[in-house]
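None of the values given here were measured: they were computed from a predicted structure. Lettering follows sequence order; numbering is per chain, from 1.
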2 protein chains.
Amino acid sequence: MQNEVAHRRLRELILDGTYAPGVRLTEVDAAAALEMSRTPVREALRALAADGLVRTTGRGVVVVALDPGDLEDAYQVRAALEALTAETAATRQRDGRLAPADLTALRTLADVTAETTSEGRLVEAVELNRRFHRRIAELAGNRIALETLNRVWDQIQVSTLRSLKPVVRHAHVSAQHDDLLAAITDGRAQDAGQIARRHVLDTRTTARQPPEQQ
Amino acid sequence: MQNEVAHRRLRELILDGTYAPGVRLTEVDAAAALEMSRTPVREALRALAADGLVRTTGRGVVVVALDPGDLEDAYQVRAALEALTAETAATRQRDGRLAPADLTALRTLADVTAETTSEGRLVEAVELNRRFHRRIAELAGNRIALETLNRVWDQIQVSTLRSLKPVVRHAHVSAQHDDLLAAITDGRAQDAGQIARRHVLDTRTTARQPPEQQ
DNA sequence: TTTGCATGCATTGCATACAATGGATACAGT
DNA sequence: ACTGTATCCATTGTATGCAATGCATGCAAA
């Protein structure tokens with residue numbers, strides 16, 4: 001199905017910054033770029049709007065960036081949900097419903113993320129960091145929370161990508177990851193939730209406003 | 001725009017139970033029912049899928065109902081987010097950023113909801129209850145949280161509508177509403193969050209599985 | 001110079017024709 | 001009877017034409 005292809009490809013292009021916030025996309029342009037007719041592209045643009053990644057104006061769609069207030073709100077939502085997933089994952093661990101392999105994989109992911117971050121490979125670090133957090137949500141086994149978090153992560157990512165800079169206190173970030181992992185491993189559910197919330201709020205960045213381009 | 005009309009009308013029909021979970025909808029049927037061509041209807045169906053209200057099979061869309069596990073997950077997400085919005089609303093009240101009129105309106109809404117519930121007018125009660133909770137989220141002023149909650153509310157509503165029954169402990173529910181309102185009015189943010197979470201989890205119901213119809 | 005207005009044009013909204021797909025059904029062979 | 005297979009048909013997927021919309025541009029009038 002070409003509309004799914006279009007949706008996936010356009011989403012990639014937005015999340016990796018190729019289409020920056022403020023950039024305008026018309027159906028015909030996107031159709032030409034993806035070499036398909038307007039119909040599937042049109043549906044893909046609608047889907048991106050539902051994802052909150054673009055805003056439809058009367059005149060094509062525009063890649064969104066959250067204003068600083070909305071971005072703060074998004075972090076609050078993310079913190080609440082990641083506290084939930086961390087707590088749930090820890091509970092499942094305590095009840096013996098997590099495979100040991102899951103935790104070692106998470107351990108590895110945390111290590112690789114720390115290394116990549118400390119070396120300043122920013123784009124990779126963003127991707128790995130997201131995978132670490134997603135993995136925890138997956139371990140919680142809450143499908144609704146995972147889907148919701150995916151939306152929020154997307155919106156935060158597109159809004160902060162332009163202002164990527166070396167993580168200043170990367171040792172702090174890595175330590176929080178370690179603490180979180182330890183709490184989950186020990187099945188300390190409440191701790192895990194609180195650490196996750198604290199961590200998300202500590203990594204808040206502010207958005208740069210998008211230039212209303214084209 | 002007809003696609004918006006189609007989206008709105010189909011959403012209504014699903015949320016009020018006219019199209020029950022498990023019912024299959026084809027593009028042509030829906031187009032005929034709404035008296036428009038397939039194109040806008042098709043977009044509306046896609047939007048409903050993005051809302052999580054229908055699931056697209058290769059053969060038309062099917063009105064979803066969450067299975068018991070997913071429904072439980074949805075309540076967990078709802079509890080986490082309503083804790084956030086209640087806490088935020090209370091904080092704003094404490095900081096004097098809420099208008100007194102907002103709180104009296106909420107007070108009235110709580111009273112009407114209690115009355116309707118105690119009289120067993122179920123459909124109205126569902127609507128009023130949702131408005132009460134939505135109003136609090138609006139007072140929190142967190143747009144992202146409100147949008148996210150709307151999705152979760154929709155999914156819970158469509159999954160529980162078939163099993164509506166008189167609220168057994170309606171006095172308990174009303175008392176929790178009153179407690180929540182009091183905590184917000186007093187600006188007791190942490191209390192408000194905890195009461196909201198407790199309340200949501202106390203009102204959990206279990207879903208009846210949809211018949212795979214037609 | 002500025003404001004109002006008309007006109008053109010880019011772009012989306014909608015309808016419809018046609019292609020592709022995949023599930024159901026009927027039939028043949030064992 | 002049972003299984004495999006060919007065929008049909010319902011339904012969606014895609015392309016494209018035409019209508020509607022609204023923004024931008026230029027021109028005229030004050």
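The side-chain contact (heavy atoms from CB on, under 4.5 Å) test with B:Leu48 is passed by exactly one of B:Val54, B:Val64, B:Asp154: B:Val54.
Between B:Asp73 and A:Arg143, none of the side-chain N atoms (NZ, or NE/NH1/NH2) sits under 4.0 Å from a carboxylate O, so this pair counts as no salt bridge. Checked for salt-bridge contact, B:Arg8 and B:Glu12 miss the test: no charged N lies under 4.0 Å from a carboxylate O.
Applying the side chain to side chain donor-acceptor pair (under 3.5 Å) definition to pairs two or more places apart or across chains, those involving residues 93-113 of chain B are B:Arg107-B:Asp111, B:Arg107-B:Asp178. For the salt bridge (charged side-chain N to carboxylate O under 4.0 Å, His left out) condition, the pairs that include at least one residue of residues 37-48 of chain B, sequence neighbours left out, are A:Arg42-B:Glu43, A:Glu43-B:Arg42, A:Glu43-B:Arg46, A:Arg46-B:Glu43, B:Glu27-B:Arg38, B:Glu27-B:Arg42.
In this structure, a donor-acceptor pair under 3.5 Å is present between the side chains of B:Asp202 and B:Gln176.
The closest side-chain heavy-atom distance from A:Ile14 to A:Val63 is below 4.5 Å.
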request  = For each nucleotide in nucleotides 10-17 of chain C, reading 5' to 3', give B when a protein heavy atom comes within less than 4.0 Å of its base, S when such contact involves only the sugar-phosphate, and - otherwise.
outcome  = BSBBSBBB
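Legend: residues meeting salt bridge (charged side-chain N to carboxylate O under 4.0 Å, His left out) with A:Glu82, ordered by chain and number and at least two apart, are A:Arg78.
On the nucleic acid side, DNA chain D has its first and last nucleotide under 4.0 Å of a heavy atom of chain A at D:dG13 to D:dG22, going 5' to 3'.
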ask   = Pairs counted as Watson-Crick or G-U wobble with both distances under 3.5 Å: what dot-bracket string results for DNA chain D, using | for bases tied to another strand?
value = ||||||||||||||||||||||||||||||
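The six-membered or imidazole ring of A:His170 lies away from that of A:His177, with a centre-to-centre distance of 6.0 Å or more.
Rounding to the nearest 0.5 Å gives a distance of 6.5 Å between CG of B:Asn150 and CZ of B:Arg134.
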